[in-house]
S.K.: 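The structure is given below, and queries will be raised subsequently.
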Amino acid sequence: MPVVSAQAVVPVDPATAFAVSQTTGAVRRRWDPFISEQHFLDDAQRPAKDVRTFTRQRLGLSMVSRYVSYAPPTNVGMVMEEGPWFFTKLGGGWRFAAVPEGTLAVWKYNFSCRPAWLAPIAEWIGVRVLGFEVRRRITGFARGCVDPEVLAAVRP
């Protein structure tokens, strides 16, 4: 199964970095270039293990994902339950660790594609496209971690 990852060091503590990563709505759209819409499903009000979310990315593809782990301020994991037809599986994990400069954020995704006969080519393309998106996203996250409006939304 292919894996793509990206990392960034941000100048905030892990709890703040984690909180920024879990923002929703207009605050999320300030830093996350991937999404055009995202919200919780099933009457959930906040992220937690087994909570499902709907996400539409900026080009219109959408998916329903479920948190499989939620452990602030160190890590969060998700799996796709419904999504674009070409993914058989998609999962991701975001980790946050204290470093002298603030927090090291490491985001990893794994996926597999279908149909099986096309998977080798689709996955080769997927590593490049998804890799680009993950790097773009973590760059946006790093900007969010220094954006006064985003920080004001996550700090008490």
Side-chain angles (χ1 to χ4, degrees), residues 1-8 10 12 14-96 103 105-115 118 122-123 125-156:
M1 193 173 322
V3 174
V4 297
S5 66
Q7 63 183 41
V10 295
V12 295
T16 302
F18 187 93
V20 168
S21 79
Q22 298 304 299
T23 55
T24 59
V27 174
R28 179 62 169 259
R29 287 190 303 275
R30 278 188 67 84
W31 68 262
D32 192 342
F34 182 75
I35 67 161
S36 64
E37 177 186 356
Q38 186 176 52
H39 58 268
F40 299 118
L41 298 173
D42 311 316
D43 297 321
Q45 301 299 310
R46 63 185 54 85
K49 188 173 188 237
D50 292 323
V51 165
R52 297 179 338 127
T53 62
F54 172 85
T55 303
R56 184 176 319 279
Q57 62 96 253
R58 72 183 188 288
L59 299 176
L61 296 174
S62 62
M63 76 171 175
V64 172
S65 58
R66 180 176 48 84
Y67 284 91
V68 293
S69 67
Y70 187 79
T74 59
N75 67 76
V76 62
M78 56 73 64
V79 294
M80 178 185 75
E81 291 190 335
E82 301 170 27
W85 66 269
F86 48 84
F87 283 127
T88 305
K89 293 181 181 179
L90 173 69
W94 296 359
R95 297 196 175 275
F96 305 89
T103 300
V106 179
W107 296 0
K108 291 185 181 182
Y109 290 83
N110 62 70
F111 66 97
S112 59
C113 293
R114 63 177 150 215
L118 187 59
E123 290 171 357
I125 293 168
V127 164
R128 281 132 191 92
V129 172
L130 189 56
F132 170 81
E133 290 293 347
V134 172
R135 288 187 301 276
R136 186 169 180 255
R137 236 177 146 184
I138 207 162
T139 298
F141 165 75
R143 281 192 305 270
C145 286
V146 296
D147 181 325
E149 286 188 44
V150 173
L151 293 174
V154 301
R155 289 189 171 147

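Computed from a predicted model, the values in this text were never measured in an experiment.
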S.K.: Should we say atom CZ of Arg95 is surrounded by more than 12 heavy atoms from elsewhere, each under 6.0 Å from it?
M.R.: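 Counting neighbours around CZ of Arg95, 12 or fewer heavy atoms of other residues, nucleotides or ligands fall under 6.0 Å, so no.
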
S.K.: Heavy-atom distance under 4.5 Å between the side chains of Pro47 and Tyr70, does that happen here?
M.R.: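 A side-chain contact under 4.5 Å exists here.
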
S.K.: With no hydrogens and no angle check, is any side-chain donor or acceptor of Arg29 less than 3.5 Å from a backbone partner on Ile35?
M.R.: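 Here the side-chain-to-backbone pair does not exist.
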
S.K.: For Phe40, give me all partners under ring pair (Phe, Tyr, Trp, His ring centres under 6.0 Å), at least two apart in sequence or on another chain.
M.R.: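 Partners of Phe40 by the ring pair (Phe, Tyr, Trp, His ring centres under 6.0 Å) criterion come out as none, since no residue qualifies.
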
S.K.: Can you name the one residue among Leu41, Thr53, Leu90 that meets side-chain contact (heavy atoms from CB on, under 4.5 Å) with Ser65?
M.R.: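 Testing Ser65 for a side-chain contact (heavy atoms from CB on, under 4.5 Å) against Leu41, Thr53, Leu90 leaves exactly one candidate, Thr53.
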
S.K.: Do Lys108 and Asn110 have side chains that get closer than 4.5 Å, going by heavy atoms?
M.R.: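 The answer is no; the side chains never approach within 4.5 Å.
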
S.K.: Taking ring pair (Phe, Tyr, Trp, His ring centres under 6.0 Å) as the definition, give me every residue that meets it alongside Phe87, ordered by chain and number, with sequence neighbours left out.
M.R.: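 Scan of Phe87 (ring pair (Phe, Tyr, Trp, His ring centres under 6.0 Å), adjacent residues dropped) gives Phe111.
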
S.K.: Any side-chain to backbone donor/acceptor pair from Gln45 onto Asp43? Under 3.5 Å, distance only.
M.R.: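 Yes: the side chain of Gln45 pairs with the backbone of Asp43.
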
S.K.: For Thr74 and Phe18, work out which heavy atoms get closest and say how close.
M.R.: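 Thr74 and Phe18 have their closest heavy atoms at N-CD1, 4.2 Å.
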
S.K.: Could you check whether any side-chain heavy atom of Asp147 comes within less than 4.5 Å of a side-chain heavy atom of Trp31, counting everything from C-beta outward?
M.R.: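 The answer is no; the side chains never approach within 4.5 Å.
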
S.K.: Can you find a pair of side-chain heavy atoms, one from Trp85 and one from Pro115, that are under 4.5 Å apart?
M.R.: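 Yes - at least one pair of side-chain heavy atoms lies under 4.5 Å apart.
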
S.K.: Can you tell me how far CH2 of Trp107 sits from CD of Gln7, rounded to the nearest 0.5 angstrom?
M.R.: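 With rounding to 0.5 Å, CD (Gln7) is 12.5 Å from CH2 (Trp107).
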
S.K.: Give the minimum heavy-atom separation between Val134 and Ala6, together with the two atoms involved.
M.R.: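 In terms of heavy atoms, the two residues are closest at CG1-CB, 3.6 Å.
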
S.K.: What are the two closest heavy atoms between Val27 and Ala153, and how far apart are they?
M.R.: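 Minimum heavy-atom separation between Val27 and Ala153: CG2-CB, 3.8 Å.
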
S.K.: Verify ring pair (Phe, Tyr, Trp, His ring centres under 6.0 Å) between Phe141 and Phe34, making sure each step is shown before the conclusion.
M.R.: CA-CA 11 Å; Phe141 165 75; Phe34 182 75; over 10 Å; no

S.K.: Quick one: CZ on Arg56 to NE2 on His39, what's the gap to the nearest 0.5 Å?
M.R.: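 If we round to the nearest 0.5 Å, Arg56:CZ and His39:NE2 are 8.5 Å apart.
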
S.K.: Atom CD1 of Ile125 and atom CG of Leu130: how far apart are they, to the nearest 0.5 Å?
M.R.: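 Here the interatomic distance stands at 13.0 Å.
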
S.K.: Shortest non-hydrogen contact from Met80 to Pro84?
M.R.: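 The answer is SD-CD, 4.1 Å.
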
S.K.: Measuring from atom CZ of Phe96 to atom OG of Ser21, what distance do you get when rounded to the nearest 0.5 angstrom?
M.R.: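 These two atoms lie 3.5 Å from each other.
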
S.K.: How many angstroms lie between atom CD of Glu149 and atom CZ of Arg30, to the nearest 0.5 angstrom?
M.R.: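 One gets 3.5 Å once the value is rounded to the nearest 0.5 Å.
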
S.K.: Can any side-chain N or O of Arg137 pair as donor or acceptor with the backbone N or O of Glu133 at less than 3.5 Å?
M.R.: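 Side chain of Arg137 to backbone of Glu133: no pair is present.
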
S.K.: With sequence neighbours left out, write down each residue that passes ring pair (Phe, Tyr, Trp, His ring centres under 6.0 Å) with Phe86, or none if nothing qualifies.
M.R.: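 For Phe86 there are no ring pair (Phe, Tyr, Trp, His ring centres under 6.0 Å) partners, ignoring immediate neighbours.
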
S.K.: What is the minimum heavy-atom distance between Ala142 and Val10, and which atoms define it?
M.R.: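 In terms of heavy atoms, the two residues are closest at CA-CG1, 3.7 Å.
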
S.K.: Can you tell me how far apart CE (Met63) and CD (Glu82) are? Round to the nearest 0.5 Å.
M.R.: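 Spacing of CE (Met63) from CD (Glu82) equals 11.0 Å.
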
S.K.: Distance-only, no hydrogens or angles: does the Glu123 side chain make a donor-acceptor pair with backbone N or O of Cys113 under 3.5 Å?
M.R.: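 Present.
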
S.K.: Taking Arg28 for its side chain and Thr23 for its backbone only, find out whether a donor-acceptor pair lies under 3.5 Å.
M.R.: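 Present.
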
S.K.: A side-chain contact here means heavy atoms from C-beta on lying under 4.5 Å apart; do Thr16 and Arg155 qualify?
M.R.: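 Side-chain contact under 4.5 Å: yes.
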
S.K.: Do you know the tightest heavy-atom contact between Thr103 and Val12?
M.R.: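 Smallest heavy-atom distance, with atoms named: OG1-O, 2.6 Å.
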
